Amino acid sequence: MSSEATRDSGGGGTVEYIQHHLTNLCAGDCDPVTHQAAGFWAWHVDTIVISYLLGALIVIVGWRVGRNLSLDKPSGFQNFVEMVLDFVSNQVRDTFPGHNPLIAPLALTIFLWVFLMNLMDMIPVDLLPVIGAAMGIPYLKVVPTTDLSTTLAMSLTVFALVIYYSIKVKGPVGYLKMFLFHPFGKFFVPVNIAMTTIEELAKPLSLALRLFGNLFAGELVFLLIALIGGTLAVGGGLSFLWGGLQVALDLGWLIFHLLVITLQAFIFMVLSIVYLGMAHTTADDH
Amino acid sequence: MKNPPRVGLLLVGVGTHMAAMVIMGFVLGYALDAWLGSQPWFMLLLGGMGFVGGILKAHKMLSRWG
């Protein structure tokens, strides 16, 4: 919705509140009115900074755990990290045919990073933006995975690896054959090329859109629940009712969403492993 | 490829994969049309192929692992 439409709609505060929360801190080639990216060289600074900070958190925590490893008396946190490692390692062993030392670390990185980025959704929606506003940051979208740039960047990275390993394992000719003779055999080569191109390109797109869609919708529901609190100011005697409703809904959605964010991180990881596994098989198996 | 035991998890992606194939068909067709100046034929053709391919793919995945 354009900013003019917003002003004309009469939604006033609520629409602006939601739009403000869903706008990234854009630098570079941005629209001065809507603050949306207007060209290729637009940087979503908040997404970049928060996702890098979370990545750094994984590195630092991993480094500290690695330094204090103990065989005799493992700490509780070491046990937890080993549990996560075992879980990811089992998934890779179950899903990935063959052997590639890159896959398990990649899967672990994807799982932890996506999970942590999703976990930012659990922070109260107004907390960080209000702190940011006090520090002079006009827009702050705290969940990096509600930005399509993040999810597409990750899925395209996986896609690049898929192409690399497909060509490496099947050979350039084998990879091209997949485009020529799949899925309708050798008499429909042009149709096969178009169909397989669509199918291959749809993989990273669906990977990115699923994560983005789930997290964006989740964030939107949190914002809508937070808006119930706005009626406290005008609710008069019914304030207690609205306040109670907000707390109950927020808690319910929070618990449910905890499941969603874990599941989405897990699905992103598993599908990445499966797509990479397909790239490692020579048989026509899609 | 031997079916790995957990590959049924792929089924969570059936819906989005089908939608993504339709979208990708239209996007590719749109790009081809913009390149060749043949609006709207490639967009319709590839969009239709994405739709058919999406259904075929979903059917294949479901009948294999469902």
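A quick note: this is a predicted structure, and the numbers were derived from the prediction, not measured. The chains referred to below are lettered A, B, ... by the order of the sequence lines, with proteins before strands, and numbering in each begins at 1.
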A quick test of your reading: do over 12 heavy atoms of other residues, nucleotides or ligands sit less than 6.0 Å from OH of A/Tyr175? yes

For residues B/Met49 and A/Val191, report the shortest heavy-atom separation together with the two atoms involved. CE-O, 3.5 Å

Just wondering, more than 12 heavy atoms not from A/Trp43 lying within 6.0 Å of its CH2? no

Is there a side chain to side chain contact (heavy atoms under 4.5 Å, CB included) between B/His17 and A/Glu199 once you walk through the steps? CA-CA 9 Å; B/His17 195 83; A/Glu199 195 183 317; 4.1 Å; yes

Which atoms of A/Phe184 come close to chain B, meaning under 4.5 Å heavy atom to heavy atom: side chain ones, backbone ones, both, or neither? side chain

Note, B/Thr16 side chain near A/Leu209 side chain (heavy atom, < 4.5 Å): no

Residue B/Tyr30 excluded, over 12 heavy atoms near OH under 6.0 Å: no

What one should report as the nearest heavy-atom pair of B/Met21 and A/Ile198 is O-CG2, 3.3 Å

Measuring heavy-atom distances to chain A, does B/Leu56 have an atom under 4.5 Å in its side chain, in its backbone, in both, or in neither? side chain

Using a 6.0 Å cut-off, check whether atom CZ of A/Phe256 has over 12 heavy atoms from anything other than its own residue. no

Under 4.5 Å from a heavy atom of chain A, the part of B/Leu28 involved: side chain

Which atoms form the tightest heavy-atom contact between B/Ala20 and A/Ala202, and what is the distance? CB-O, 3.5 Å

